[in-house]
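Heads up: the structure comes next, in structure tokens.
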There are 2 protein chains.
Amino acid sequence: MLNNSQYIEKLRSSGLRPTKQRIKICEVLFNTEKTFHFTINDLVKRIGKSTNDKISLATVYNTVHAFKNKGYLKEIPINSDQSYFDTNTSHHHHFYDETQKDLIDIDDADVEPVKINTRIPGKKIKSVEVLVKVVDDKS
Amino acid sequence: MLNNSQYIEKLRSSGLRPTKQRIKICEVLFNTEKTFHFTINDLVKRIGKSTNDKISLATVYNTVHAFKNKGYLKEIPINSDQSYFDTNTSHHHHFYDETQKDLIDIDDADVEPVKINTRIPGKKIKSVEVLVKVVDDKS
DNA sequence: TTTCTACATTATAACAATTCTAAACTGTTG
DNA sequence: CAACAGTTTAGAATTGTTATAATGTAGAAA
């Protein structure tokens with residue numbers, strides 16, 4: 001929940017020029033009460049609803065990748081025909097409802113810390129992500 | 001490590017006709033000491049190396065999906081431009097080396113059981129998968 | 001064995017998500 | 001302002017995957 005000049009500052013400080021497209025995408029992604037999950041397609045629709053100046057699809061892709069690289073977004077590892085992103089960059093996990101094709105956050109507090117008792121020499125752990133697949137009770 | 005007549009039996013018992021293409025793919029996937037990860041593209045190459053009778057790409061896709069549905073293969077949830085499959089269908093997890101784009105098994109014994117302290121009403125848990133992303137130590 | 005039929009395979013077309021391209025545009029710096 | 005590097009853009013190209021429709025085949029029945 002920031003205003004435009006704060007987005008401009010945020011972008012500039014991370015080496016991204018604060019263009020009007022990027023500021024608009026910041027608004028759409030971060031001017032919300034709650035964090036959310038989205039695909040590129042979802043995002044294009046949200047942008048369409050909130051402005052008349054359309055943003056090119058290529059720009060949406062570029063911006064999402066730039067934001068992901070800067071850590072403003074996380075990509076959710078899931079097998080799908082399209083990529084899912086998350087505006088919640090805090091450490092947390094996901095349910096994936098295979099029946100409804102729906103992603104739901106799992107609060108970090110609701111998952112006991114995952115302990116990995118093995119390592120790969122020369123590598124350090126960057127993240128540990130848990131995906132809990134669920135289906136309808138009866139099925 | 002089965003022979004052809006055992007694959008035939010396996011296929012038949014799960015309601016899949018034991019065609020020569022499916023038997024060949026069984027050999028390529030399951031006649032190995034160790035389990036492994038693969039993409040469709042990898043599999044096509046492996047098939048090419050082990051036979052001169054080429055199998056149509058569509059058949060490879062169909063067969064992999066059929067085997068996945070029957071539980072002979074697992075799909076690994078990871079963000080990639082292509083789908084990864086695993087001939088190891090036992091419960092286990094993965095490291096993903098982001099530097100080398102390489103998947104490595106984590107033995108189930110090396111991960112403390114993941115406890116999820118929340119549920120979705122009307123849904124039951126089908127699987128709990130842990131993806132540990134690693135990068136080079138120094139980076 | 002021959003016939004029948006539902007299931008499989010095939011090559012190719014279609015499709016959808018994503019990336020590339022090259023020209024036009026725009027923030028920023030001097 | 002001028003200059004330039006970074007950005008946006010529309011559309012083409014690419015890539016992984018799925019659909020199509022004709023041909024082939026395993027298995028059952030006659």
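Chain letters run A, B, ... following the sequence lines, proteins first and then strands; every chain starts at 1.
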Please determine if [X] forms a cation-pi arrangement with [Y], meaning its NZ or CZ atom is less than 6.0 Å from the six-membered ring centre and no more than 45° off the ring axis.
{"X": "B:Lys24", "Y": "B:Tyr7", "result": "no"}
{"X": "B:Arg46", "Y": "B:Phe36", "result": "yes"}
{"X": "A:Lys126", "Y": "B:Tyr96", "result": "no"}
{"X": "A:Lys74", "Y": "A:Tyr84", "result": "no"}

Is the phosphate of [N], meaning OP1 or OP2, less than 4.0 Å from a side-chain N or O of [X]?
{"X": "A:Tyr61", "N": "C:dT19", "value": "no"}
{"X": "A:Ser83", "N": "C:dT18", "value": "yes"}
{"X": "B:Arg22", "N": "C:dA8", "value": "yes"}
{"X": "B:Gln21", "N": "C:dT10", "value": "yes"}
{"X": "B:His65", "N": "D:dT17", "value": "no"}

How many whole angstroms separate atom [atom1] of [X] from atom [atom2] of [N]?
{"X": "A:Leu11", "N": "C:dG27", "atom1": "CG", "atom2": "C1'", "value": "13 Å"}
{"X": "A:Asp42", "N": "C:dA17", "atom1": "CG", "atom2": "P", "value": "11 Å"}
{"X": "B:Ile55", "N": "C:dA11", "atom1": "CD1", "atom2": "C1'", "value": "15 Å"}
{"X": "A:Arg12", "N": "D:dT7", "atom1": "CZ", "atom2": "C1'", "value": "15 Å"}
{"X": "B:Leu16", "N": "C:dC7", "atom1": "CG", "atom2": "P", "value": "12 Å"}
{"X": "B:Gln82", "N": "D:dG16", "atom1": "CD", "atom2": "C1'", "value": "8 Å"}
{"X": "A:Lys54", "N": "C:dC25", "atom1": "NZ", "atom2": "P", "value": "16 Å"}
{"X": "A:Asn41", "N": "C:dC15", "atom1": "CG", "atom2": "P", "value": "17 Å"}

Go nucleotide by nucleotide along DNA chain D from the 5' end; which of A:Lys20 and B:Thr19 gets its closest nucleotide reached first?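 Residue closer to the 5' terminus by nearest nucleotide: A:Lys20.
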Taking the nucleotide of DNA chain D with the closest heavy atom to each, which residue, B:Ile40 or A:Leu57, is nearer the 5' end?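 Counting from the 5' end, the first nearest nucleotide belongs to A:Leu57.
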Identify the heavy atoms of B:His93 and B:Asp108 that sit nearest to each other, and give their distance.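 The pair with the smallest heavy-atom distance is NE2-OD1, 3.7 Å.
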Checking contacts here: which listed nucleotide (C:dT9, C:dT28, D:dA26) is nearest the side-chain heavy atoms of B:Pro18?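 Out of C:dT9, C:dT28, D:dA26, the nucleotide with an atom closest to B:Pro18's side chain is D:dA26.
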Nearest to the A:Arg17 side chain among C:dT26, C:dT9, D:dT9, which nucleotide is it?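 Side chain of A:Arg17 sits closest to C:dT26.
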Angle between ring planes, A:Tyr61 versus A:His65, binned at 30° and 60°: parallel, tilted or perpendicular?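 Taking A:His65 first and then A:Tyr61, their aromatic rings sit tilted (interplane angle of 30° to 60°).
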So what is the end-to-end bend of the helix from C:dT1-D:dA30 to C:dG30-D:dC1, with 5 pairs used at each end and the value given to 10 degrees?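 Answer rounded to 10°: the end axes differ by 20°.
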Sugar-phosphate, base or nothing in reach of A:Thr39, heavy atoms under 4.0 Å: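 Since no nucleic acid heavy atom lies under 4.0 Å of A:Thr39, the category is nothing.
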Is it true that A:Asp137 and B:Lys123 make a salt bridge, defined as a side-chain N closer than 4.0 Å to a carboxylate O?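 No salt bridge links A:Asp137 with B:Lys123.
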